[in-house]
Amino acid sequence: MSNRRRLARERLEIYLVHLLMAYRPLIFIAGLLLLIYAIIVLFINRVVGFAALLPALYLLLTGSSYKVVLCTARLGAWIGTLWRHED
C-alpha cells in the first residue's frame with residue numbers, strides 16, 4: 001500500500017470519528033427509538049422484529065462506546081478508499 005493511500009485512509013478515519021462523535025447523542029436516541037419499535041413489532045412478526053433489533057443494538061453500541069465508533073470509522077474509511085487508485 002502506498003503512503004498516500006494510507007494517509008488518505010487515516011484522514012478519512014479521523015473525519016469519520018469526529019463526525020460520529022458529534023452525532024453520538026442522536027445516534028443513541030435513534031437506537032432507543034428503533035429498539036422500542038423492534039420490541040413492539042417482535043410481538044407481531046418475529047422476523048421483522050429481529051431484523052429491526054440488530055440495527056437498534058448496533059446504534060445503541062455506537063452511541064455508547066468509543067471503541068465501536070472507532071471500529072465503525074475504520075471500516076468506513078477502508079470501504080471508502082478500497083478501489084481508489086491515486087498512485
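With sequence neighbours excluded, the residues satisfying side-chain contact (heavy atoms from CB on, under 4.5 Å) with Ile39 are Leu35, Phe43. With sequence neighbours excluded, the residues satisfying side-chain contact (heavy atoms from CB on, under 4.5 Å) with Val68 are Tyr58, Leu61, Thr62, Ser65, Thr72. Residues forming a side-chain contact (heavy atoms from CB on, under 4.5 Å) with Leu75 (at least two apart in sequence, or on another chain): Trp78, Ile79.
Among residue pairs with one or both ends in residues 61-79, those qualifying as salt bridge (Lys or Arg N to Asp or Glu O under 4.0 Å) are Glu13-Arg74; sequence neighbours excluded. Identified under the salt bridge (Lys or Arg N to Asp or Glu O under 4.0 Å) test for residues 40-54, with sequence neighbours left out: none. For residues 26-37, no residue pair satisfies the salt bridge (Lys or Arg N to Asp or Glu O under 4.0 Å) rule, not counting sequence neighbours.
One finds the CZ atom of Arg9 at 12.5 Å from the CG atom of Leu16 (value rounded to the nearest 0.5 Å).
In this structure, Ala51 and Pro55 approach most closely via the heavy-atom pair O-CD, 2.9 Å. For Gly49 against Ala38, the heavy-atom pair with the smallest separation is O-CB, 3.7 Å. Contact record, Leu34 with Ala56: CD2-N, 3.6 Å, taken as the closest heavy-atom pair.
If you chain together hydrophobic residues whose side chains sit under 4.5 Å apart, Leu32 and Leu57 fall into the same group. A chain of hydrophobic side-chain contacts below 4.5 Å, direct or via other Ile, Leu, Val, Met, Phe, Trp or Tyr residues, connects Tyr66 to Leu59.
Through direct or indirect side-chain contacts shorter than 4.5 Å among Ile, Leu, Val, Met, Phe, Trp and Tyr, Val47 is connected to no other residue.
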Can you give each donor-acceptor pair under 3.5 Å made by side-chain atoms of residues 18-31, sequence neighbours left out, with the distance rounded to 0.1 Å?
from  : atom 1 : to    : atom 2 : distance (Å)
Arg24 : NE     : Gly63 : O      : 3.2
Arg24 : NH2    : Ser64 : O      : 3.4

